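Written below as structure tokens is the structure these notes are about.
Please read these numbers as outputs of a predicted model, since none were measured by experiment.
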Amino acid sequence: TQYSYAISAYDAANNESPQSFQVSATTQSGQAQTYTLTVSKGGTRSGTVTGGSINCGSTCTQSNITQGTSITLTATPDAGSTFTGWIGGGCSGTDACSVTVNANTTVTATFNIQTPPSGNRVDRLNSYGNLIASFTTIQACSDVVQAGETCLVWPGQYDEAVISRSNGKFDKYIYLKSRSNYEAIISKGVVIQNDYVKIEGFSITANQNYVMGIQIRGDYGEVIGNYIYDIKGTAAIGSVWADRPKYLNISNNKIYHSQYGIIIKGDDWHVLNNEINRLVKFTNSDADYIRFFGENHQIVGNYLHGTALNEVSGESPAHVDCFQTYDSSTTGEYAKNISIKKNFCLDFHEGFMGEAHHYKRSSNILIQENVFAQSLTGFGDGIDVEDIPYVSVIGNTFYGIGNIGVLISSKNNNLATNAIISNNIFMGFYDRSYSYFGLTSFGDYNLSYNNGNDPNRGPHDLIGISPLF
């Protein structure tokens, strides 16, 4: 708007002077002020505040807000946190807050640690870690959780069996997770019957015979960092041949006081860095650390130990193997393309027991850089292979074996061919023992020391030379 002005003056006698020259000016009518809204976060934990163009998170300021504008702020706590209230901007309480901006304004959102519940609690979290709902049982969460979501389980005793209900996806696993390692205890076992399901951090037992600690039926599963104990008559972790799950990751679990450690029945399992301690005969069957069937397994870096002879003895003693496989005459099980590497096994009858008497389908087993030591009795072999071709035993250490270090033989089919026994150390066997014996096998570059009866087998074998450890 343009305005023009002229000025005249009056004296005491009220005489008016001539008007001044005219002056013009242009002004903007009704121009409003703008301000800035800033969000800060306080407390001991974390969360996100959103509203307007603020996503704090990363963007915690909105500028050029016209005076009188209202912006609604919402606070969302991260997992394990709780939102305890607002400070500033006229906000209070824990609900969403509407801030009317009439000046530069700062609002603080306070996040603190979530108070543990008095009873069992399981939180269903979305893929961003935000709370969807809470339950008092793990199964209630498992019944509704979807791909990319998590059932986060608070510490407590969960007297239930847990069964998965939905499939995850390649990039969106369903995640069953204990909030604190080993402090959420499942007392009746877990069945993973779907694909892309991960379970981590639980203590798991089963209060009746022949119930696995974790039974896996789906593909692409992950079992990581659990403590599994007191499993009677079956495996702490395992599967059945009818399901034959594939592409599994079984890593960093601790298994204690069970009849079997891990039973692999499927394809493409990675069984890595698990500890299996103290096998016990609960029922009249064997007690093995790891059994395997199927194809393309990697069994690496596991620690197998702690079995006491008196706990696997009795009227029908359990035979204890570190690793066992066979081809079943009833189910068609077999083993092919298996890598057993860098494992440490103590306290057994036989380190490896493998048979293929029926279907003649088992082959190609690599046993490399393992330690087999402390045989439970004065009999039993480090490795006993019957009718499986293409077995390679390379770079292992055998100490205190009751009978033969490595035995490759044929019982029915003369199939134990093309074996390699090379670069192994055999030491401290019982008096009647010797290092290796193999039909149609190559044996050389091995070292044997302090064994009872050990003629040279290969032209480069070293006999009676200390390995200096």
Side-chain angles (χ1 to χ4, degrees), residues 261-264 269-274 276 288-305 320-327 334-356 361-375 380-410 415-427 429 433-448 457-458 461 467:
I262 301 173
I263 295 181
I264 304 167
W269 288 35
H270 285 193
V271 179
L272 313 175
N273 303 317
N274 302 282
I276 305 174
D288 298 323
Y289 291 102
I290 296 177
R291 283 187 174 184
F292 62 90
F293 307 89
E295 299 188 16
N296 307 320
H297 302 310
Q298 298 285 326
I299 305 171
V300 180
N302 301 283
Y303 180 31
L304 318 175
H305 69 106
V320 178
D321 298 320
C322 295
F323 308 97
Q324 187 192 55
T325 191
Y326 51 85
D327 62 341
Y334 68 97
K336 187 175 182 180
N337 300 329
I338 310 299
S339 180
I340 301 172
K341 298 178 67 174
K342 299 182 184 297
N343 301 282
F344 197 101
C345 186
L346 310 174
D347 313 316
F348 54 86
H349 290 122
E350 290 185 294
F352 176 96
M353 181 67 191
E355 304 169 355
R361 297 177 63 188
S362 296
S363 67
N364 294 85
I365 297 176
L366 172 64
I367 304 170
Q368 184 175 17
E369 298 179 15
N370 304 281
V371 174
F372 298 94
Q374 297 178 199
S375 176
D381 304 319
I383 293 176
D384 186 352
V385 176
E386 298 179 3
D387 292 320
I388 301 178
Y390 297 99
V391 174
S392 297
V393 183
I394 301 173
N396 302 279
T397 298
F398 299 88
Y399 178 82
I401 302 301
N403 194 18
I404 302 173
V406 179
L407 174 61
I408 309 292
S409 65
S410 288
L415 289 175
T417 59
N418 298 290
I420 297 174
I421 306 169
S422 175
N423 296 94
N424 302 284
I425 295 174
F426 302 94
M427 180 178 177
F429 287 15
S433 305
Y434 52 97
S435 297
Y436 66 92
F437 177 79
L439 299 174
T440 63
S441 64
F442 168 83
D444 206 356
Y445 297 97
N446 300 287
L447 184 151
S448 176
R457 298 291 172 182
D461 284 346

Going from [atom1] on [X] to [atom2] on [Y], what distance comes out if it is rounded to the nearest 0.5 angstrom?
{"X": "R291", "Y": "C322", "atom1": "CZ", "atom2": "SG", "answer": "13.5 Å"}
{"X": "N364", "Y": "K336", "atom1": "CG", "atom2": "NZ", "answer": "7.0 Å"}
{"X": "Y303", "Y": "I276", "atom1": "OH", "atom2": "CD1", "answer": "12.0 Å"}
{"X": "N273", "Y": "N343", "atom1": "CG", "atom2": "CG", "answer": "9.0 Å"}
{"X": "I367", "Y": "I420", "atom1": "CD1", "atom2": "CD1", "answer": "12.0 Å"}
{"X": "N337", "Y": "Y390", "atom1": "CG", "atom2": "OH", "answer": "12.0 Å"}

TODO: Using a strict 4.0 Å threshold on nitrogen-to-oxygen distance, state whether E369 and K342 make a salt bridge.
DONE: yes
Task: Test applied, side-chain hydrogen bond (donor to acceptor under 3.5 Å, both in side chains); reference residue, N424; option that passes from N370, N396, T397 - done: N396
- [ ] May I ask you to check whether Q324 and Y289 show a side-chain donor-acceptor distance below 3.5 Å?
- [x] no
Open item on the list: Is it true that, when you exclude Y399 itself, more than 12 heavy atoms of the residues, nucleotides or ligands shown sit nearer than 6.0 Å to its OH?
Closed with: no
Open item on the list: Is the ring pair F372/F348 parallel, tilted or perpendicular, if the boundaries are 30 and 60 degrees?
Closed with: perpendicular
Contact summary for [X] and [Y], nearest pair of heavy atoms:
{"X": "V320", "Y": "D347", "value": "CG1-O, 4.0 Å"}
{"X": "G405", "Y": "F398", "value": "O-CE2, 3.8 Å"}
{"X": "A335", "Y": "I338", "value": "CB-CG1, 4.2 Å"}

Task: From D321, I365, I290, V406, residue fulfilling side-chain contact (heavy atoms from CB on, under 4.5 Å) relative to F352 - done: I365
